[in-house]
Number of protein chains: 2
Amino acid sequence: MGKGHVRLADVAKAAGVSQGTASNVFSRPDVVREEVRERVLNVARELGYGGPDVKGRLLRAGRVNAIGVAAVEPLTYFFDDPWARSLMTAIGEVCDASGTGIAVVSAMNEERLAWNINSALVDGFILLCVEGGERLVELTRQRQLPFIALALGIEDETIPAIGIDNVAGGAAAARHLLELGHRDIAILSIGDVDGLVGLVAPERVDPEMEATPRDRMHGYWQALAEFGIPREAVPIQGTLHDRPSTLTAMEALFSTDNPPTAILAMSDNVALFAMQWLAERGLKVPEDVSIIGFDGVPEAAASLPRLTTVAQPFAEIARRSVTAILENALPKNHEALDLELVVRDSTAAPRPQ
Amino acid sequence: MGKGHVRLADVAKAAGVSQGTASNVFSRPDVVREEVRERVLNVARELGYGGPDVKGRLLRAGRVNAIGVAAVEPLTYFFDDPWARSLMTAIGEVCDASGTGIAVVSAMNEERLAWNINSALVDGFILLCVEGGERLVELTRQRQLPFIALALGIEDETIPAIGIDNVAGGAAAARHLLELGHRDIAILSIGDVDGLVGLVAPERVDPEMEATPRDRMHGYWQALAEFGIPREAVPIQGTLHDRPSTLTAMEALFSTDNPPTAILAMSDNVALFAMQWLAERGLKVPEDVSIIGFDGVPEAAASLPRLTTVAQPFAEIARRSVTAILENALPKNHEALDLELVVRDSTAAPRPQ
DNA sequence: TCGAGCTTTTGAATCGATTCAAATAATGGA
DNA sequence: TCCATTATTTGAATCGATTCAAAAGCTCGA
C-alpha cells in the first residue's frame with residue numbers, strides 16, 4: 001500500500017466516466033444511473049478505493065463537523081478533572097445528538113497551545129478558561145472561528161461567553177446553612193495563586209482573588225449579612241483546589257478553640273477532600289459538621305454521605321455553547337445562568353449545644 | 001466578516017508578491033528577505049488575514065497530526081467510564097508529549113458510527129473494542145488508515161491489537177487471595193449479555209462468555225486449581241458491569257449459609273459497587289470480607305478502603321498504541337502485556353474461625 | 001419524424017494552501 | 001568589469017475531492 005494511492009480520479013478513469021460522475025456515485029448516488037453506479041463501485045472495489053477522502057471533501061465543503069474544546073491544561077485534564085469531565089460529558093451528549101465530533105485541544109506551554117489552536121480541524125471552539133483564560137481567548141480570536149468562553153474570569157463584554165451567577169449561587173449555599181441554624185461557619189476558597197493559601201483576610205478578596213472565587217465569596221457574604229453575621233466572623237481558608245492544601249486548611253480550621261459547625265466549600269472537589277479529612281478525624285458529616293460544595297460534579301452525588309452542593313446547569317451550558325458555535329449565533333452579551341441548590345446528605349441542623 | 005474571506009492569494013496580490021512567497025512568509029519565514037516578510041505581514045494584518053487555513057495546508061500535507069479514539073459507545077463514555085478514562089488519560093499524556101491532537105469518535109448506532117469513522121480528521125485510530133468490537137474494526141478497515149485495537153475480544157491475528165494477559169492477571173488475583181488463606185471465594189463476572197447475570201455454571205463460561213471475562217475466569221481457575229480447589233466450589237455471579245446487577249449479585253452471594261470470605265471481581269467498577277453493598281450491610285472490608293478488583297483505575301486508589309487490584313499497564317498500552325499509529329509501525333502479531341498485582345487495603349487474611 | 005421536457009453525464013472551475021524547478025537578483029572574487 | 005555563487009522570487013502544478021452550467025441522451029406525444 002502507500003505508493004499507489006488510489007483517488008477518485010483514478011476510479012473515474014478506470015471506469016470510463018467523468019470525475020463528476022464518479023463523485024456523484026459516492027456523495028449523491030441517487031442521481032446516477034444504476035448501471036453506471038454499479039460499474040463505478042465495482043471498479044472502486046477492484047482498485048481498493050476506500051471512498052472519498054475526507055480531506056478533499058473537507059476543503060471543498062469548508063466545514064468539518066467537529067468542535068474543539070480547549071484549555072490551558074494538559075490533555076489529561078479533560079479526562080481527569082471532575083469539572084471538566086462534567087462539562088465534557090454534557091457537551092458530548094449534545095454533540096452526539098447532532099452528529100458532531102469533538103476534538104480536545106490543549107497544551108501546557110503557550111507555544112504549543114498556539115500551534116494546537118491553529119491547527120485543530122474544527123468549526124469552532126469552546127474555551128475552558130479556568131486558567132490563563134485571557135491568553136486562550138486571544139489565541140483563539142486569531143483563528144477567526146466562532147468560539148465561546150466558559151468560566152471566563154475577566155469582564156470583557158466583547159468576548160462571547162456563557163457564565164454562571166456565582167454570586168447568587170454562593171448566596172444560596174450560605175443561606176442553606178444559615179437556615180439550618182448554623183452560625184459558626186468557615187469558608188474553603190479556591191484559587192491557583194500561592195499567595196492566597198492559608199488564612200485569608202476579607203480585604204484581600206477583592207484585589208487579589210480571581211473572578212470566580214471572588215463572586216462566590218460575595219455571594220456567601222451577602223447571605224451572611226442577611227443573617228447579621230459580619231464577614232470578619234467567618235474565617236476564609238485558601239486552597240489551591242487540590243488535596244494537600246485542603247487538608248492543611250482543614251487542619252487550621254479545626255485546631256482552634258471554636259471550630260466551625262459548617263463549611264462553605266467553593267468547589268465539590270475541595271468539599272470532598274474536606275470530607276475525607278473529617279472522616280479520618282472521626283468527625284461525622286452532617287452530625288458534627290455540615291458541608292456544602294459548589295459545582296455539582298457527579299462525584300458529589302456518589303460520595304458517602306452524598307454531598308449537598310450548588311449545581312451548575314452543565315447540560316444547559318453545553319447545549320447553548322454547542323448550538324451557538326454550530327449555528328454561528330454567538331451570544332451578544334454575557335449570559336449568566338442560574339445554579340441550583342441540590343440538598344443531599346452532607347448538611348443538617350447543628351447539634352443542639 | 002464572512003463574505004470577504006481573505007485567503008493567502010489575496011494577501012499575496014495585495015502585497016505584490018507571488019503566492020509562493022506569501023506562503024513562505026508563514027511557513028518558512030527564514031527563507032524570505034526580511035523586508036518582504038514585513039511587508040507581507042503588514043498587508044496580512046491590514047486585510048485581517050488569520051494565517052494559513054489549516055484545511056488547505058492539510059490537503060497538501062496529507063497529515064492531520066491527530067489520532068482518533070473510537071468506541072461503539074456514546075461520546076460521554078470517554079469522560080464517564082473509569083476504564084476508558086484511564087486509557088484516555090494515558091493516551092493524552094503520550095499525545096501531549098508529541099504534540100498530537102485527540103479526536104474522540106463514537107456513536108451508539110451503527111450508521112452514525114460509520115459516518116463518524118469515515119469523516120474523522122485523524123491520522124489513525126485507536127479502537128476501544130469493549131463492545132461491538134468486530135464491527136468497529138471492520139468499519140475502520142475501510143477507512144484505510146492505521147489503527148490498533150485495544151481490548152479486542154476476538155482471536156483474529158490479522159487485526160493489529162494490543163492486549164493484556166488476562167489469564168495471568170486473573171491467576172495473580174486469585175493466588176493473592178489464596179495465599180492470604182482464603183478458601184471460600186466467590187467470583188463477580190462481567191459481561192453485556194443478559195443471559196449471563198445471576199448464578200453462572202462453569203460449563204457456560206467457555207461457550208457463552210466474551211473473551212475478556214473468559215480469560216480472567218480461566219486465570220482464576222488456574223490459581224484455584226493450584227490450591228486444590230475445584231471450580232465447582234467457587235460460585236460465579238454474573239453482572240452487567242453496572243451497579244444494579246452487582247448489588248443483586250452480592251445479595252445472592254451473601255444470602256446463603258456459607259457466604260464467601262473473599263471476592264474476585266472482574267473489574268474495579270464492580271468491586272467498588274460491591275464494597276458499597278458491603279458497607280451498607282455493615283460488613284467490614286477487609287476484616288469480614290476481602291475483595292480484589294481488576295483493571296487498576298484511579299478510583300480504586302481513592303476508595304475507602306483502597307482497593308487491591310490487578311492493574312493494566314495503561315501508560316505502556318497508550319505509548320505503544322500512539323507510536324504505532326504515528327509511525328505507522330503496527331505490531332505484526334497480538335501483543336499481550338502483563339498486569340501488575342497492586343496490593344492495597346481491601347484484602348487481608350480471613351478471620352480465624 | 002420532430003422537438004419539448006426529462007434524466008444523465010461531462011468538463012472545467014474551485015476550495016486554500018504548499019512545493020519545487022526555473023528565473024532573477026544580489027554578492028563576492030579575480 | 002565579468003562571471004560564478006548564493007540568496008530570493010516566481011509561476012505553475014498538486015493535493016483530492018465537489019459543484020454546476022452546459023452538453024448529451026432519452027422518452028413520448030403530436
Side-chain angles (χ1 to χ4, degrees), chain A residues 2-41 43-44 47-65 118-123 143-145, chain B residues 2-41 43-44 47-65 118-123 143-145:
Chain A
K3 67 157 162 268
H5 195 63
V6 198
R7 43 188 181 299
L8 186 59
D10 302 325
V11 176
K13 194 181 298 172
V17 298
S18 78
Q19 181 160 325
T21 299
S23 174
N24 283 336
V25 168
F26 293 99
S27 43
R28 313 154 73 194
D30 46 306
V31 89
V32 28
R33 200 152 42 98
E34 167 150 9
E35 181 194 326
V36 177
R37 200 193 320 152
E38 298 271 282
R39 178 153 45 94
V40 173
L41 285 174
V43 171
L47 262 50
Y49 180 65
D53 186 291
V54 219
K55 301 200 284 298
R57 184 218 307 282
L58 158 63
L59 176 59
R60 197 84 231 302
R63 201 165 199 294
V64 188
N65 245 283
N118 274 315
S119 57
L121 283 154
V122 296
D123 298 319
R143 179 75 193 273
Q144 298 187 157
L145 283 179
Chain B
K3 68 157 160 272
H5 196 63
V6 199
R7 44 188 179 300
L8 186 58
D10 301 326
V11 175
K13 193 180 299 170
V17 299
S18 79
Q19 180 161 326
T21 300
S23 174
N24 283 336
V25 167
F26 292 99
S27 41
R28 312 155 72 196
D30 47 305
V31 89
V32 29
R33 200 151 42 97
E34 168 151 9
E35 180 195 325
V36 177
R37 199 192 323 151
E38 298 272 282
R39 178 152 45 92
V40 173
L41 286 175
V43 171
L47 262 50
Y49 179 64
D53 186 291
V54 218
K55 301 198 284 297
R57 183 218 308 281
L58 159 62
L59 175 57
R60 197 85 230 302
R63 201 164 198 295
V64 189
N65 245 281
N118 275 315
S119 57
L121 283 154
V122 295
D123 298 319
R143 180 74 193 273
Q144 300 188 156
L145 283 179

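Values below: every heavy atom of this structure, side chains too, minus hydrogens, waters and symmetry copies. Residue numbers begin at 1 in each chain, while the letters A, B, ... track the order of the sequences. Computed from a prediction, not measured in an experiment: that's the story for all the values here.
In this structure, the CZ atom of B/Phe26 is 9 Å from the P atom of C/dA17, given to the nearest Å. In this entry the distance linking NZ of B/Lys55 with C1' of C/dA17 reads 11 Å, nearest Å. Protein atom NZ of B/Lys13 is 14 Å distant from nucleotide atom P of D/dT10, rounded to whole Å. Per the geometry, CD belonging to A/Glu35 stands 10 Å off P belonging to D/dC26, to the nearest Å. C/dA26 atom C1' lies 17 Å from atom CD of B/Glu34, rounded to whole Å. Atom CZ of B/Arg28 and atom P of C/dA17 are 17 Å apart (whole Å). Remark: C1' of D/dT14 and CG of B/Leu58 are 14 Å apart, rounded to the nearest angstrom. Residue B/Leu121 contributes atom CG, which lies 15 Å from atom C1' of C/dC15 at whole-angstrom precision.
We find the CZ-CG distance between A/Arg57 and B/Leu59 to be 13.5 Å, quoted to the nearest 0.5 Å. Note that CZ of B/Arg28 and OG of B/Ser23 are 8.0 Å apart. Values are rounded to the nearest 0.5 Å.
Closest non-hydrogen pair, B/Leu8 versus B/Ala22, comes out as CD1-CB, 3.7 Å. Shown here for A/Arg63 and A/Leu58, the closest heavy-atom pair between the two residues is O-CD1, 3.5 Å. The heavy-atom pair separating B/Ala44 from B/Phe26 by the smallest distance is CB-CZ, 4.0 Å.
With a 4.5 Å cut-off on side-chain heavy atoms, B/Leu41 and B/Val25 count as touching. The shortest side-chain heavy-atom distance between A/Val122 and A/Val64 does not fall under the 4.5 Å cut-off. Considering only heavy atoms from C-beta on, A/Ser119 stays 4.5 Å or farther from B/Asn65 through its side chain.
Remark: B/Tyr49 is not in phosphate contact with C/dG16, judged by side-chain N or O atoms under 4.0 Å from OP1 or OP2. The phosphate of D/dG16 has OP1 or OP2 within less than 4.0 Å of a side-chain N or O from A/Arg7.
Across D/dA17, C/dG16, C/dA17, the shortest atom-to-atom separation from the side chain of A/Leu59 is found for C/dG16.
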Exercise. Mark up nucleotides 6-13 of chain C, 5' to 3', with B wherever a protein heavy atom is under 4.0 angstrom from a base atom, S wherever such an atom reaches only the sugar-phosphate, and - elsewhere.
Key: --SSBB--
Sequence neighbours left out, cut at 3.5 Å: what donor-acceptor pairs do the side chains of residues 9-20 of chain A make with other protein atoms?
from: A/Asp10; atom 1: OD2; to: A/Arg7; atom 2: N; distance (Å): 2.9
from: A/Asp10; atom 1: OD2; to: A/Arg7; atom 2: NH1; distance (Å): 3.4
from: A/Ser18; atom 1: OG; to: A/Gly20; atom 2: N; distance (Å): 3.3
from: A/Ser18; atom 1: OG; to: A/Thr21; atom 2: N; distance (Å): 3.2
from: A/Ser18; atom 1: OG; to: A/Thr21; atom 2: OG1; distance (Å): 3.3

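For the helix from C/dT1-D/dA30 to C/dA30-D/dT1, the axis fitted to the five pairs at one end and the axis fitted to the five pairs at the other end meet at an angle of 50° (nearest 10 degrees).
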